[in-house]
Amino acid sequence: MKYLSNTVSLEIFPEHCIGCGSCVEVCPHGVFAIENKKAVILDKDRCMECGACVGNCAFGALTVNKGVGCAAAVINSIISGGEPSCDCSGENKTGNCC
Amino acid sequence: MADLKFIKMNIEKNRPAWVTGTITTEIGAIYSVSPDLTRVDYWEHLKCRISAFRNNYIVNPGLYAVGVPDKNSDVLVSANYKLSFDAFRKALKGLNVWILVLDTKGINVWCAAGKGTFGTDELVRIISVTRLDRVVDHRRIIVPQLGAPGISAHKTTKATGFKVCYGPVRAEDIGAYIAAGYQATRDMRTVKFPLVDRLILTPMEINPAMKKYYPWYALIILTIFGLQPGGILFMDAISAGLPFLLLGLISVIAGALVTPVLLPFIPFRSFAVKGWITGILAVFLSTTYISMLGHLSKVLLIAAYLFFPLASSYIALQFTGASTFTGMSGVKKELKIGIPLYISGVAVSLILLLIYKLGEWRVL
Ligand code: SF4
Ligand code: SF4
């Protein structure tokens, strides 16, 4: 299953990539592969902007607008003006979440 | 949670049934846990799933043993959410390993990683609090792959000396992963979203929709239909409002149950559009086959076709939160288009209801 096309904010900067393969390892949607000792994006539409690849690339070769793909979180952020975050954390847990 | 002593006191006070004994190590006794789940565990899982009493099912953070691990045994990291922890210990049957439980405030690995409670700082903290470097001789920990959004492997290594290996996505693959020399296949690394998973998550969608929105909706509907020039008539409210109450329930089912279950088979990628399609079909089928709904006046029928598919669409959009493949940019885009449509749809439906009422009162 794929989500909307051409909306994903993932970017790769091949000049910083050393082909270590961390991004291939952590991505839960198989977005990357290593070709000619560099990471390449196979299918950007599969990216869910979880940020795992960015946090585990020690060479700053990736960026993504990391966030939760959750309508309730985005609506909350519109109402409260903050960053989108699901309301299942900490004290005010609603149990509305995984 | 301050330190190891505190963890132990806490467990001693209220020792869970799955703690079966202790293992002596250089730093003292470590609790060992059973890889067998009992009926009590499954009962608790059910309660977790329907989101009641979740707070009671937090596992104390710290270090635990499965089997009889020693200084060379693997260290696997988990969250202190009971469902995550139990899936883990069940998958570890037959292995001798350590489990390092992070304090994620009772949230599962993936959600906690998304918010950073399952994160580098907490991992570094628990490694030092549990004095892991003295429990094992090697310097290798296995973190669930879905924890990767919160964990930075290179930063953890820098802070603790422990190398982070990302394990498979699903706990049941952990044995195969270790046996293969810490190699996960592509399949083990990929998140799927099969029918069972989608179905299991639907109570979390139906529950809030019914609790948060439906009572208000019912109140508004009964008020509108009961409203007569002489005041609110209870009988009118029930008899005229009933079809709309029923259609309300049907659109909750369409958006919160049917859409998630049939997700891959409903055309278009947008959740809002998928929910809308299901909603249109649901209204069509109900007004065709439920005789009570077949007699709606033309104005009400138009209002029904306008309002309920939009309601179903909105509810389906909420399922993005439970899905495993939607990103924030996409959800924002859906909402940007969707919210004005939802608001104008509700407004027009209300105007249609007003027209219907005015006709009923013979004003029009
Ligand atoms: S993690 Fe970074 S450096 Fe390593 S392969 Fe991926 S993009 Fe390249
Ligand atoms: S943000 Fe997540 S889903 Fe997207 S490419 Fe990176 S690891 Fe994969």
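The chains referred to below are lettered A, B, ... by the order of the sequence lines, with proteins before strands, and numbering in each begins at 1. Just so we're clear, the structure is a prediction, and the values are computed from it rather than from any experiment.
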Chain A contact via I200(B) - which portion, at a heavy-atom distance below 4.5 Å: neither

Within 6.0 angstrom of F268(B) CZ, more than 12 heavy atoms from elsewhere: no

Inter-chain contacts: residues 1-15 of chain A against chain B, heavy atoms under 4.5 Å: M1(A), K2(A), Y3(A), L4(A), S5(A), T7(A), S9(A)

C57(A) portion near chain B, given a 4.5 angstrom heavy-atom threshold: backbone

K155(B), NZ atom: more than 12 neighbouring heavy atoms under 6.0 Å: no

Chain A contacts, top residue of G330(B), A112(B), G338(B) (heavy-atom pairs, under 4.5 Å): G330(B)

K192(B) atom NZ, over 12 foreign heavy atoms within 6.0 Å: yes

Under 3.5 Å: donor-acceptor pair, side chain of E49(A), backbone of S329(B): yes

Backbone N/O of H154(B) and side chain of N56(A): donor-acceptor pair under 3.5 Å: no

Contacting region of Y314(B) [heavy-atom separation from chain A under 4.5 Å]: side chain

Test log, rule side chain to side chain contact (heavy atoms under 4.5 Å, CB included), inputs V68(A) and M328(B): CA-CA 5 Å; V68(A) 281; M328(B) 189 173 68; 5.5 Å; no

Chain B contacts, top residue of S77(A), S22(A), C50(A) (heavy-atom pairs, under 4.5 Å): C50(A)

Spatial distance of atom CG (L335(B)) from atom CD1 (I75(A)) [nearest 0.5 Å]: 5.0 Å

Under 3.5 Å: donor-acceptor pair, side chain of R189(B), backbone of P28(A): no

Contact summary for L42(A) and R186(B), nearest pair of heavy atoms: CD1-NH2, 3.8 Å

Winner by heavy-atom pair count (cut-off under 4.5 Å) against chain B, out of C27(A), C47(A), G51(A): C27(A)

For the student: nearest non-hydrogen atoms of T324(B) and M48(A), plus distance: O-SD, 3.3 Å

Residues of residues 59-67 of chain A near chain B, each having a heavy atom less than 4.5 Å away: N65(A), K66(A), G67(A)

Heavy-atom contact with chain A under 4.5 Å, split by part of L317(B): both

